[in-house]
There are 2 protein chains.
Amino acid sequence: MKNKKITLKELASILKVSVSTVSKALNDSYEISEATKKKVKTAAIKYNYSPNLLAQGLKTRRTKIIGVVIPDMRAPFFIRVLRGIEKEASKKGYNILTCFSNESFEKEKATLEMLSQGNVDGILMSLSKETQELGQIDHVNEIMSNGIPVTLFDRVDDRIECDKVIINDFESTYFATKELLKAGARNILFISPISTTTIGKNRYRGYAFALREHGNLEEKVLSIEEYKDFSADLNRILSTEKVDGIIAANELTGISAVNIASRHGLRIPEDISIIGFTNGLLSMNSNPPLTTMSQHGKEIGRVATTKLLDRLNNSKLDYTTTVIETTLIKRGTTRLGF
Amino acid sequence: MKNKKITLKELASILKVSVSTVSKALNDSYEISEATKKKVKTAAIKYNYSPNLLAQGLKTRRTKIIGVVIPDMRAPFFIRVLRGIEKEASKKGYNILTCFSNESFEKEKATLEMLSQGNVDGILMSLSKETQELGQIDHVNEIMSNGIPVTLFDRVDDRIECDKVIINDFESTYFATKELLKAGARNILFISPISTTTIGKNRYRGYAFALREHGNLEEKVLSIEEYKDFSADLNRILSTEKVDGIIAANELTGISAVNIASRHGLRIPEDISIIGFTNGLLSMNSNPPLTTMSQHGKEIGRVATTKLLDRLNNSKLDYTTTVIETTLIKRGTTRLGF
DNA sequence: CTGAAAGCGCTAACAT
DNA sequence: ATGTTAGCGCTTTCAG
């Protein structure tokens, strides 16, 4: 009996009732008697009926799909966020349409345009690097003016009025730097491949502020444009300068720093302490395991999804910004007990 | 002028022509004169018209969306495949609806059901662990009988008739094992967290075959059920037995093996050689960097997408299985020159 | 070359 | 409590 898809109309004619009766029965309308509801529902199962989502969406203006725009799918952080989003969304009966902007403004814009063509009820996104460099926000505002709510996470823009979920970037590097200072480090290098993003800037500020507070210690900053040059750059710095602490603004550079320092003959954490960002698989499995600021990516995804779904059910809510606090996960690249 | 979304009907009334004329003009129908085509198209841009994908899909039975079902989003391999899929799909004007089965049969089944409700033109998927353990294939056959083509990748089932993209699992571990033998290893441990999947079984067979060929060397196999027990299990083996080579059937256990062996006081690769699977960030960034079998995940994704899209355009094609050959990436966990 | 009209599968007033 | 009907926005015969 389970076979080809069947339509409402066909089901109605099998049951010899009208389509609207079937539709209402399936949707548990108060207008329909319990008896027919039961009859319709069992028939629906028997004939393997399931509604055509396109038709339903066309009619109700609801697709139960939320679009997710991720800047970089290689970054473990975003993957964790995605996990959080997927879990929460599927719990609430929503599906996710995942798209990647690859840090490109044009791709991001094109993605939003396609998402605005009726497929999704709302959008979760993190701004691409290029978008933040260019300071563009029109494309985001435009999709919202089309009635599609957007919740931004991680990389946001103050000028966009919408729900946001961010981490306390400034404080996280501020505290990370203080930890290294407490452990005795005085020559702390800050490594960032995201110095052009809002979050990258805030992380730098936290680092710089801690140094200033601590007797105006000298800043050492390595901004990375291309990953391929990074190794050479860091090696040069380690050869020419004394460095006894490193703070990396993302996971990958943190891990690379561990490996490079280690090959450079430095003992970790005896000679140099290192703190990274994102508590992902890389950090857990490096040698030694990397002390890192956990951004609670899954939680960010979960909260962002909740906020978006809340808004879908009540568009009158005030816009809010939620800050997810980071946590320092102490592991082998920093001295114990500090 | 760029503002709210506008419909075909509205555009038609602005231009004082019929909706069908507008529709045909936009779709470059031969029935429409060049003059009106031009007029319509410029107006479409001026008034920021773009078609409602739901309505279009309802009518044409084409959504330009392909569903992707991934068993485990933490696995770097699948993420790489996803990248390949996304890139190829977006190049061809398709979007992807990404879903995760989390290695659960029920979730996989539910996902396929939802994907069969009209949202997607076709499906790319890799079977979940549980699905393979249970040997279930009905849910896949059912969605295909609903007219939605499926292309399986990596974890496939011979009993399902569809397009497939796989790697040469047997050969890859066969050659990997031979490499370790050539380097002098005689006590080679095979670690697998996927021993219940088809690919896991084939990888085991390749390993076993190489040992048998080489004078019936003794097999040592560690099958992992739970990651959390893994560390203890491996430590026990390393304490009680002589092991001078390890082949891990996936990336994560390969990396963990490196760390555990290293903490165990074994020098890598002098005392023990290790080969992992998947050429991901973890392997590149371990210490020492892991020698690994690259499965060319992006290529798998690209090819699978191509095959699916080809079938969407011509459902009469014969089903084919494409094998993507693995490549051994030699790095620091195996001795040079062997 | 253009337009009227039917209909994809569904929901929801509005009858009855 | 059930049915009739009018669309959602689009494509596509079929007429003109």
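Values in this document were obtained by computation on a predicted structure and should not be read as measured data. Here is how names work: the chains are called A, B, and so on, in the same order as the sequence lines, proteins then strands, and each is numbered from 1.
- Protein atom CG of B/N119 is 15 Å distant from nucleotide atom P of C/dG9, rounded to whole Å.
- Atom CD in B/E31 sits about 12 Å away from atom P in C/dG3, given to the nearest Å.
- Regarding contacts with the backbone of C/dC8, every side-chain N or O of A/N52 stays at 4.0 angstrom or more from both OP1 and OP2.
- Between the CD atom of A/Q56 and the C1' atom of C/dA12 there is a distance of 13 Å, rounded to whole Å.
- Using a cut-off of 4.0 Å between Lys/Arg side-chain N and Asp/Glu carboxylate O, B/K109 and B/E106 are scored as not salt-bridged.
- Spacing between atom CG of A/D28 and atom C1' of C/dT11 amounts to 15 Å, rounded to whole angstrom units.
- The structure places CZ of A/F78 at 7.0 Å from CG of A/D72, a figure rounded to the nearest 0.5 Å.
- One can place NZ of B/K59 at 12 Å from P of C/dA6, the figure rounded to the nearest angstrom.
- Rounded to a whole Å, the CD1 atom of A/I32 is 13 Å from the P atom of C/dA12.
- In this structure, B/K24 atom NZ and C/dT2 atom C1' are separated by 7 Å, rounded to whole Å.
- By the neighbour-count criterion of 12 heavy atoms within 6.0 Å, atom NZ of B/K37 is densely surrounded, having more than that number from other residues, nucleotides or ligands.
- The pair A/D138-A/R159 does not meet the salt-bridge criterion, since no charged nitrogen lies less than 4.0 angstrom from a carboxylate oxygen.
- The phosphate of C/dG9 (OP1 or OP2) has a side-chain N or O of B/R61 nearer than 4.0 angstrom.
- OP1 or OP2 of C/dG3 has at least one side-chain nitrogen or oxygen of B/S18 nearer than 4.0 Å.
- Positionally, the nearest nucleotide of DNA chain C for B/E34 lies more toward the 5' end than for the other of B/E34 and A/P51.
- Where DNA chain D meets chain A (any atom under 4.0 Å from a heavy atom), the bounding nucleotides read 5' to 3' are D/dA1 to D/dG9.
- Of the charged side-chain nitrogens involved, none lies within less than 4.0 Å of a carboxylate oxygen, so that A/E10 and A/K16 do not count as a salt-bridged pair.
- Counting non-hydrogen atoms under 4.0 angstrom, A/T60 reaches the backbone sugars and phosphates but no base.
- To the nearest angstrom, P of C/dG3 lies 10 Å from CG of B/L15.
- Applying the side-chain hydrogen bond (donor to acceptor under 3.5 Å, both in side chains) rule to pairs touching residues 52-70 of chain A yields A/T63-A/D121, sequence neighbours excluded.
- The side chain of B/T36 contributes an N or O atom lying less than 4.0 Å from OP1 or OP2 of C/dT2.
- A donor and an acceptor atom sit less than 3.5 Å apart, one in the side chain of B/S20 and one in the base of C/dG3.
- Between A/E103 and A/R155 there is a salt bridge, with a side-chain nitrogen of the basic residue lying less than 4.0 Å from a carboxylate oxygen of the acidic one.
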